Amino acid sequence: MSQTLSGVGVTPRSGVGTARWYRPRDGRSETGGREHDPESERERIERAFASAEAGIESTRTSVADRIGEEEAAVFDAHEQFLADPTIREGIEAAIDRGEPAERAVEAAFAGPIEQFEAMEGRVAERADDLRDVCGRLLDGLSGEERADLSGLPTGTVLLAERLTPTDTARLEPERVAGFATIAGGRTSHAAIFARSLGIPAVVGVGEGLSTVEEGETVGINGETGEVVADPDEAAVDRLSAGVDHDAIDERVRTTDGREVDVAANVGTVSDLDRAIESGADGIGLFRTEFLFLDRTEPPDEEEQLAVYREALDAFDDRVVVRTLDVGADKPVPYLETEEGSNPFLGVRGIRRSLGPDSALFETQLRALLRAGAGRQNLAVMFPMVATTEELDAALDRVETVAAELGEAGIEHARPELGVMIETPAAVLSARALAARVEFFSIGTNDLSAYVMAVDRDDERLAALGDPLQPAVLRAIAESVEAAHDAGAWIGVCGEMASDPSLAELLVGLGVDELSMSPISVPAVKAEIRSIAAEDAERLAERALAAERLPEVEALVDHD
Ligand code: PEP
Ligand code: MG
């Protein structure tokens with residue numbers, strides 16, 4: 001008989017398939033009844049650490065290739081957990097007391113896992129990362145490979161207690177019709193990876209999921225959070241449609257008529273097709289640094305010209321190209337980088353374009369202005385701006401390049417110009433910056449990190465660096481006000497804009513454009529059509545009055 005369970009939907013997609021349970025490690029590890037000689041256990045643990053380290057590195061590389069650099073950064077946090085001296089010392093002390101290595105590992109991780117689980121909000125989900133690292137060490141000790149999730153039969157709906165980032169990264173979207181887990185939340189890495197891979201997924205279903213049997217037909221609705229075991233024919237039809245939201249090609253409005261642009265973030269030419277298919281209203285962020293990666297020298301003017309033309313031709317709508325944003329978490333191997341003690345506070349973004357990468361910046365501007373010739377939709381923005389001098393210098397360079405092209409009789413465009421708001425300094429100088437440009441785009445990934453003084457890749461501080469922190473929301477609100485007072489438009493292109501459940505809050509804060517990974521465009525468009533700007537403003541007001549992150553989380557979860 002058909003049974004419907006409910007959890008938290010994390011991907012705006014649905015699918016139907018055959019249930020298959022994934023139980024990577026049932027109960028405690030087998031350690032046998034043998035004697036445990038500390039010396040040999042120490043050797044075993046050494047080898048397990050080495051294999052875990054290599055495993056994390058290779059997963060990181062494959063996630064960076066298949067899913068994206070941003071998603072791959074979680075494995076940097078796994079490396080940090082693995083290198084954590086407290087955990088290492090705990091394991092060694094237990095081994096010295098005669099414990100088998102397996103038990104020593106489990107005991108050393110149990111405390112930190114419990115501590116994370118006891119925390120409020122999203123940081124609790126970091127316990128999954130610790131479990132992942134712990135699981136790798138146990139795998140290394142047992143010498144067994146984890147079940148290979150990359151070779152699942154086509155049409156599998158994977159069911160599990162929980163999925164670690166490593167498990168989720170192995171899933172192949174062509175084969176997996178969806179997954180559902182007993183535990184887990186909306187911001188877990190399993191959820192984030194599922195979204196990026198486009199796999200229908202529901203997490204946090206609870207123990208009820210255990211009643212679904214191996215081999216049963218299961219439908220997953222990643223938007224409503226429904227998990228239907230043994231669905232009837234009508235439910236199969238509804239769920240197997242694959243995508244819940246048809247791409248909406250036209251612009252969308254709230255129910256009370258406020259138009260909001262829903263654009264896509266792209267990094268490569270192949271992303272453009274996905275952006276078109278998603279029904280995006282143009283491109284809100286073209287991360288051009290991706291054109292400079294995985295090669296031995298930078299693309300020249302002609303190569304860049306061709307790529308930018310392709311992007312501009314793909315849309316009638318505006319295409320916002322961000323100038324090269326390298327440094328910190330985005331190193332380009334062939335560019336000389338002087339690593340300061342903290343690269344995130346070092347020479348990155350516009351600082352490089354006005355400094356060591358000045359020649360590259362000029363080439364890029366030439367290619368961009370030439371690409372925009374005869375087209376009306378080019379917009380160019382600068383990353384990591386902190387001062388008006390930097391913005392003035394960048395705008396000057398645009399003027400100079402335009403003048404040189406003019407003198408040489410080369411056709412070129414006068415693009416719309418904008419600045420990314422991703423440093424606290426830019427927020428505090430927003431009025432002066434807004435007077436100089438046509439638009440702002442808020443990079444909430446970096447802005448949250450810098451406002452909260454948190455490394456954006458440090459999973460231990462994920463809650464502190466959450467864009468829903470009241471201080472970050474106030475920074476967004478101030479930037480919106482400054483932009484609008486100066487007659488400029490303002491978008492958000494950080495990860496926050498990809499989450500349909502945050503669209504109402506951002507619309508309420510007055511943001512004019514949301515730009516996101518293409519897969520989220522249809523769901524965010526559908527969400528905007530279902531909300532009233534007036535309600536959104538009230539929600540934003542309440543969120544701005546909140547003093548703690550959980551209050552804001554509760555507002556967006558329940559509204
Ligand atoms: C951001 O910082 O939010 C942003 C969109 O830029 P990136 O993630 O490329 O640094
Ligand atoms: Mg950024």
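Keep in mind that what you see is a predicted model, and the values were worked out from it rather than measured. Index from 1, following the sequence. Atoms within each ligand, like the ligands themselves, are counted from 1 in listed order.
- Contacts classified as salt bridge (Lys or Arg N to Asp or Glu O under 4.0 Å) and involving residues 386-395 (residues at least two apart or in different chains) are given here: Asp392-Arg436.
- Looking at Arg287 against ligand 1, only its side chain comes within 4.0 Å, counting heavy atoms.
- Numbered from 1 in the order shown, with element, the atoms of ligand 1 that lie under 4.0 Å from a heavy atom of Gly494 read 3 (O), 5 (C).
- Put simply, the angle at the Mg ion (ligand 2) from OD2 in Asp446 to OE1 in Glu422 is close to 100°, to the nearest 10°.
- Distances from atom 5 (C) of ligand 1 to the heavy atoms of Gly267, Ser448, Cys493 show the closest one on Cys493.
- When each atom of ligand 1 is checked for a heavy atom of Glu422 under 4.0 Å away, the hits are 1 (C), 2 (O), 6 (O).
- Not a single heavy atom of Glu495 lies less than 4.0 angstrom from ligand 1.
- Taking Ala413 as the reference, nothing meets the side chain to side chain contact (heavy atoms under 4.5 Å, CB included) condition, with sequence neighbours excluded.
- Comparing Leu285, Asp325, Asp446 by heavy-atom distance to atom 2 (O) of ligand 1, the nearest is Asp446.
- Relative orientation of the Phe81 and His78 rings is tilted, given thresholds of 30° and 60° on the angle between their planes.
- Relative orientation of the Phe193 and Phe75 rings is tilted, given thresholds of 30° and 60° on the angle between their planes.
- Geometrically, ligand 1 and Thr444 share a nitrogen or oxygen pair separated by less than 3.5 Å.
- Atom CG in Leu360 sits 5.0 Å away from atom CG in Asp357 (nearest 0.5 Å).
- Asp271 has no carboxylate O lying under 4.0 Å from a charged side-chain N of Arg287, or vice versa, which leaves the two without a salt bridge.
- The distance criterion of under 3.5 Å between nitrogen or oxygen atoms is not met by Arg348 with respect to ligand 1.
- Contacts of Arg322 with ligand 1, taken as heavy-atom pairs under 4.0 Å, involve the side chain alone.
- Remark: the Thr59 side chain and the Arg136 side chain contain an N/O donor-acceptor pair separated by less than 3.5 Å.
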